Amino acid sequence: MAIVVGSPTPADQIGPLEALIAANQLQSQTSVAVTVVLFYDFFLTLDQEIEHIWKHNWNLTSALYIFVRYFGTFINLTGTVVMSVQSTTKVSQSFNEIQSWVEFIIVWAVQVILQMRLYALYHCSKRLLVFMVTFFVAEDTTTMT
């Protein structure tokens with residue numbers, strides 16, 4: 001009975017697991033690729049960020065931008081590391097639960113930024129603000145339930 005190198009499973013029993021192993025490898029490789037592109041973008045736009053964000057007065061939009069950019073990058077990098085190293089099932093499950101909530105918060109912050117931009121673009125229209133806030137709350141309510 002042959003043993004696959006690096007695997008405690010006999011080679012003749014690994015057949016049904018091949019699709020799962022291939023999917024797991026593809027997910028890990030995709031996560032690494034996304035992290036590389038994220039860091040490429042980070043370094044590519046760092047000079048613009050310093051000029052337009054760090055050198056000006058801070059407001060809510062600046063704080064949300066910094067939160068989304070750096071916390072999102074940190075969570076992506078952490079997720080890639082957790083996915084790439086061998087960890088226990090309990091660690092993976094705990095991280096997945098935390099990551100789900102963090103991703104929800106990041107998406108929420110991005111939506112707030114976009115709504116603030118639309119509000120400013122439409123000359124601080126109160127009707128648009130009521131419309132956006134109503135649907136934002138409705139979307140988040142349905143997402144949480």
Side-chain angles (χ1 to χ4, degrees), residues 1-122 128-145:
M1 178 181 302
I3 300 287
V4 176
V5 176
S7 172
T9 307
D12 58 345
Q13 294 177 2
I14 204 160
L17 299 175
E18 280 187 59
L20 182 63
I21 293 168
N24 192 9
Q25 287 176 336
L26 179 63
Q27 184 180 11
S28 295
Q29 292 166 350
T30 304
S31 180
V32 169
V34 166
T35 302
V36 168
V37 170
L38 184 67
F39 275 95
Y40 174 74
D41 175 67
F42 176 80
F43 289 114
L44 195 64
T45 58
L46 186 61
D47 59 337
Q48 296 171 2
E49 177 185 328
I50 291 169
E51 180 183 339
H52 297 293
I53 301 293
W54 293 101
K55 290 185 177 180
H56 287 86
N57 291 335
W58 280 53
N59 55 25
L60 178 60
T61 308
S62 300
L64 285 172
Y65 171 82
I66 294 297
F67 171 76
V68 168
R69 180 159 169 107
Y70 289 96
F71 195 59
T73 302
F74 172 74
I75 289 300
N76 178 277
L77 182 62
T78 307
T80 301
V81 169
V82 167
M83 189 179 300
S84 298
V85 299
Q86 297 244 338
S87 59
T88 64
T89 304
K90 189 169 187 164
V91 169
S92 296
Q93 288 175 343
S94 298
F95 182 76
N96 285 340
E97 289 176 20
I98 292 168
Q99 189 175 21
S100 296
W101 280 104
V102 168
E103 288 173 356
F104 176 77
I105 292 167
I106 290 172
V107 167
W108 185 83
V110 169
Q111 286 183 350
V112 169
I113 291 170
L114 292 174
Q115 289 181 11
M116 290 172 70
R117 291 180 69 185
L118 277 173
Y119 180 66
L121 185 66
Y122 284 92
L128 179 67
L129 180 64
V130 169
F131 178 79
M132 288 188 307
V133 168
T134 301
F135 280 97
F136 178 64
V137 169
E139 176 193 10
D140 283 346
T141 302
T142 57
T143 303
M144 288 184 193
T145 58

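All of these numbers come straight from a predicted model, not from anything done at the bench. Each residue takes its place number in the sequence, starting with 1.
Side-chain N/O atoms of Thr143 and Asp140 include no donor and acceptor closer than 3.5 Å.
The local environment of CZ in Phe135 is sparse, with at most 12 non-hydrogen atoms from other residues, nucleotides or ligands closer than 6.0 Å. Atom OH of Tyr122 sits in a sparse spot, with 12 or fewer heavy atoms from other residues, nucleotides or ligands closer than 6.0 Å. For Phe104, the CZ atom counts as densely surrounded, since its 6.0 Å shell holds more than 12 non-hydrogen atoms of other residues, nucleotides or ligands.
The distance from the OG atom of Ser62 to the CD atom of Glu49 is 10.0 Å, given to the nearest 0.5 Å. Rounding to the nearest 0.5 Å gives a distance of 4.0 Å between CG of Leu60 and CE of Met116. To the nearest 0.5 Å, atom CG of residue Asn96 and atom CH2 of residue Trp101 are 15.0 Å apart. Of the inter-residue distances, the one linking Ile50 atom CD1 with Thr45 atom OG1 reads 10.0 Å to the nearest 0.5 angstrom. Separation of atoms CD1 (Ile106) and CG (Leu64) is listed at 11.5 Å; rounding is to 0.5 Å.
Trp58 places a side-chain heavy atom less than 4.5 Å from the side chain of Ile66.
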What's the verdict on side-chain hydrogen bond (donor to acceptor under 3.5 Å, both in side chains) for Thr73 and Asn76, showing C-alpha distance, side-chain angles and the deciding distance? CA-CA 5 Å; Thr73 302; Asn76 178 277; over 6 Å; no
Side chain to side chain contact (heavy atoms under 4.5 Å, CB included) between Asp41 and Arg69, worked out: CA-CA 11 Å; Asp41 175 67; Arg69 180 159 169 107; 4.0 Å; yes
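With sequence neighbours excluded, the residues satisfying side-chain contact (heavy atoms from CB on, under 4.5 Å) with Val133 are Leu129, Val137.
Scanning all heavy atoms of the two residues, the minimum distance from Met132 to Gln115 falls at CE-O, 3.4 Å. The two residues His52 and His56 have their closest heavy-atom pair at O-ND1, 3.4 Å.
Residue pairs meeting the salt bridge (charged side-chain N to carboxylate O under 4.0 Å, His left out) criterion with at least one partner in residues 91-119, sequence neighbours excluded, do not occur; the list is empty.
Relative orientation of the Trp54 and Tyr70 rings is perpendicular, given thresholds of 30° and 60° on the angle between their planes. Ring orientation note: the planes of Phe39 and Phe42 are nearly perpendicular, at an angle over 60° on the 30°/60° scale.
Each of Val107, Leu114, Val112 was evaluated against Val110; a single residue qualifies, Leu114, per the side-chain contact (heavy atoms from CB on, under 4.5 Å) test.
In this structure a side-chain-to-backbone donor-acceptor pair under 3.5 Å is missing from Ser31 to Gln27.
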